[in-house]
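In the text below, chain A, chain B and the rest are named by the order of the sequence lines, each starting its count at 1.
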There are 2 protein chains.
Amino acid sequence: MPTGLAHAELIAVLAAVTGDEPRVMTIRSGDALPSGPFELAHRSLQAGLREWVGDQTGHPVGYLEQLYTFADRDRTQDTGYSRTISISYLGLVREQAAPGAGKPGWHGWYEYFPWEDHRKGAPDSLQAIAEHLQRWAERDTSRRDHRRRRIEFAFGLHGAAWNEDLTLQRYELMYEAGVVAESGGEEFVATGRSMFADHRRILATGIARLRAKIKYRPVVFELMPESFTLLQLQRTVEALAGLTLHKPNFRRLIDSQDLIEETGDVTSETGGRPAKLFRYRHAVLEERAFSGSKLPISRN
Amino acid sequence: MPTGLAHAELIAVLAAVTGDEPRVMTIRSGDALPSGPFELAHRSLQAGLREWVGDQTGHPVGYLEQLYTFADRDRTQDTGYSRTISISYLGLVREQAAPGAGKPGWHGWYEYFPWEDHRKGAPDSLQAIAEHLQRWAERDTSRRDHRRRRIEFAFGLHGAAWNEDLTLQRYELMYEAGVVAESGGEEFVATGRSMFADHRRILATGIARLRAKIKYRPVVFELMPESFTLLQLQRTVEALAGLTLHKPNFRRLIDSQDLIEETGDVTSETGGRPAKLFRYRHAVLEERAFSGSKLPISRN
DNA sequence: CTCCTTTATACTCGACTTGAGTATATCGCG
DNA sequence: CGCGATATACTCAAGTCGAGTATAAAGGAG
């Protein structure tokens, strides 16, 4: 079984939420995601990642999940001798104590994806982006219909609902259309901050994965402090999803799952009536799904 | 940005369904999954995989999706100079024309996972497997409770429902408990056929991913012929899920999605009343989800 | 030719889930 | 004490889902 030689590199999308803002850990003042070599000394990929993230940033990583492995030739600068395989991970971090001087910093992820935050309604920039994309669709007569449908679906145009999970599809459309700086669209400002190489695409992958995951796995709690109020929990989910949620229904959803329990304490720091504090029930299996199957199973 | 050197290898889980049996492509008479080196000549990982699968097997791969990247030290035989990174893919193949002599062969995937097929009720072997696992849980008093809960959840014991998606979790429990041949359980026959290295685990990963995916993405159609009856479609889904489905509800689910359309023809090959033939509506976006969101979204 | 078996297709009904809205409780503060 | 603010509880209609029943249209046995 012969195998080709390659350089191996690990890239991390580390996410945290401070107050109402979802953040991602970056290096180079927000221009790149933290990354490092995968070395012989490392026991496994996960172990390798945990090790240097812990070393370099001082933050223990809670939940960790593999995102994707890239090796496209046009994505990496070939050394001429071998190519680079990049294995990306999504990690969730609880605390975000002020980073020391010169240390990696946290940046709000909507800096890079302003069109993804719909908590205050659809951003104004979306309109302009959609128009750019539609003009791009018209330019290629042979693929026009397909492109139009993709745009309408991804951006929730013409009656289709906005789907927060499609962060990656939206970014890829914008990349294809040359609307983002990475792919040529210099003049156009509403498309957010760019990043080194394909790091912004990796971040989009991480956001999309996390947004999808919070719907069926109780991973949000990896981002919460030990005890929290229901509104804090809701605000965290809203920050991640970039959407506002219906409060009574959110509460109903949460306590129908038996995921949390009251600590017995209350806090009056919220302004109005004191809120009960809750904690995550660690007895709950991580595998446990929020929702059920979608197949019409027959039991005889 | 320094990067460590490693060998890169691609591994494929290629799935097809013949009649009522889900199959996987294998080499070495069913002992291993097809794999090959990732070389400089390849444009990307996907392209590399498509290339040698096409060359070696003569089957064009339809849908292709990355599964997981492994590099654990104990999983691969180190060359002493570098380690091996294995990138696994799940591919769906439509036709399964008889493979030529000496060519790779297809094996029913329940040969390797007999306990996963619940179409004729829970297999007898499940009982014995569950008892083995429970004895294993009792042996470690400190982790006993956690293990018990994992077993009950994964195998649907004590009132919990069997969840077909948990193929990987079940295999991993069995591996941990030393019930499968790979991890020492030689005497025990009900645990199916074993494979080279960690290939059976990779197959479990592929099965689990496919079972989960058919619930929210219309990927089944990648396994269907150009035109098919509704029962054929149902049998294919049932083969993959290892479950029987409720016929009227399956039909309702399918046509509420607008995924297929009548060809206008019928076939009388099914025995009774002739069945209408359908085809997949290719206009449908692949991204299109079967079901909706599980967050209580608020629209103001 | 008719009945019977077999598969296909259509409809019904109750339980549960989901989206949306309303009502009541309890704090700080002027 | 009343008012704004937040917390918490309840209601209700529409939609979805599981389960079962009814009718249609073929082939084959007698």
Side-chain angles (χ1 to χ4, degrees), chain A residues 19-20 161-164 215-216 227-238 241 243-278 289-300, chain B residues 19-20 118 161-164 214-216 227-238 241 243-278 289-300:
Chain A
D20 286 359
W162 171 265
N163 182 344
E164 78 282 1
K215 287 190 204 147
Y216 61 98
S227 73
F228 48 84
T229 70
L230 287 176
L231 190 58
Q232 273 171 29
L233 182 62
Q234 183 180 339
R235 293 285 178 247
T236 303
V237 174
E238 289 177 336
L243 290 171
T244 54
L245 305 181
H246 188 276
K247 192 147 125 183
N249 292 350
F250 179 78
R251 293 158 150 270
R252 178 175 59 187
L253 182 71
I254 293 299
D255 68 33
S256 74
Q257 308 289 143
D258 273 332
L259 295 171
I260 59 176
E261 60 193 5
E262 303 184 9
T263 65
D265 294 327
V266 293
T267 176
S268 355
E269 287 166 19
T270 49
R273 170 174 168 180
K276 288 182 191 162
L277 286 170
F278 292 84
F290 258 83
S291 66
S293 147
K294 285 288 167 193
L295 288 179
I297 295 167
S298 139
R299 315 174 210 285
N300 323 319
Chain B
D20 286 0
H118 286 225
W162 171 265
N163 183 344
E164 77 282 2
I214 50 174
K215 286 191 205 147
Y216 60 98
S227 71
F228 48 84
T229 69
L230 287 175
L231 190 58
Q232 274 171 29
L233 182 62
Q234 183 181 339
R235 292 283 178 249
T236 303
V237 174
E238 289 177 335
L243 291 171
T244 54
L245 305 181
H246 188 276
K247 192 148 126 183
N249 292 350
F250 179 78
R251 294 159 148 270
R252 178 175 60 188
L253 183 71
I254 292 299
D255 68 32
S256 74
Q257 308 288 143
D258 274 332
L259 295 170
I260 59 177
E261 60 192 5
E262 303 185 7
T263 65
D265 294 328
V266 294
T267 176
S268 354
E269 289 166 17
T270 50
R273 169 176 169 179
K276 286 183 192 160
L277 286 171
F278 293 84
F290 257 85
S291 66
S293 146
K294 283 289 170 193
L295 288 180
I297 294 167
S298 142
R299 313 175 212 284
N300 327 317

In this structure, how many angstroms lie between the [atom2] atom of [N] and the [atom1] atom of [X], rounded?
X: B:Q234; N: C:dT9; atom1: CD; atom2: C1'; answer: 13 Å
X: A:D255; N: C:dT17; atom1: CG; atom2: C1'; answer: 14 Å
X: B:H246; N: D:dC17; atom1: NE2; atom2: P; answer: 14 Å
X: A:F250; N: D:dA9; atom1: CZ; atom2: P; answer: 15 Å
X: B:R252; N: C:dC13; atom1: CZ; atom2: P; answer: 14 Å
X: B:N249; N: C:dT12; atom1: CG; atom2: P; answer: 15 Å
X: A:Y216; N: C:dT17; atom1: OH; atom2: C1'; answer: 21 Å
X: B:Q257; N: D:dC17; atom1: CD; atom2: C1'; answer: 13 Å

Next on the checklist: Between A:K276 and A:E261, does any NZ, NE, NH1 or NH2 come within less than 4.0 Å of an OD or OE carboxylate oxygen?
Outcome noted: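 No salt bridge links A:E261 with A:K276.
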
Next on the checklist: Base contacts versus sugar-phosphate-only contacts with protein, heavy atoms under 4.0 Å: please encode nucleotides 2-8 of chain D as B, S and - from 5' to 3'.
Outcome noted: ---BBBB

Checklist entry - If we only count heavy atoms from C-beta on, is the A:E164 to A:K215 side-chain gap below 4.5 Å? => result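 Yes; the side chains approach each other to less than 4.5 Å.
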
Item to check | Counterpart residues, side chain to side chain donor-acceptor pair (under 3.5 Å), relative to B:R252 (two or more places apart) | outcome: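 For B:R252 the side chain to side chain donor-acceptor pair (under 3.5 Å) partners, ignoring immediate neighbours, are B:N249.
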
Checklist entry - Excluding sequence neighbours, so at least two apart, what forms side chain to side chain donor-acceptor pair (under 3.5 Å) with A:Q232? => result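 A:Q232 satisfies side chain to side chain donor-acceptor pair (under 3.5 Å) with no other residue.
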
Checklist entry - Can you list the steps and then say if A:E238 with A:D20 is a side-chain contact (heavy atoms from CB on, under 4.5 Å)? => result CA-CA 8 Å; A:E238 289 177 336; A:D20 286 359; over 6 Å; no

Item to check | Chi angles and distances behind the side-chain contact (heavy atoms from CB on, under 4.5 Å) call for B:L243, B:W162 | outcome: CA-CA 10 Å; B:L243 291 171; B:W162 171 265; 4.2 Å; yes

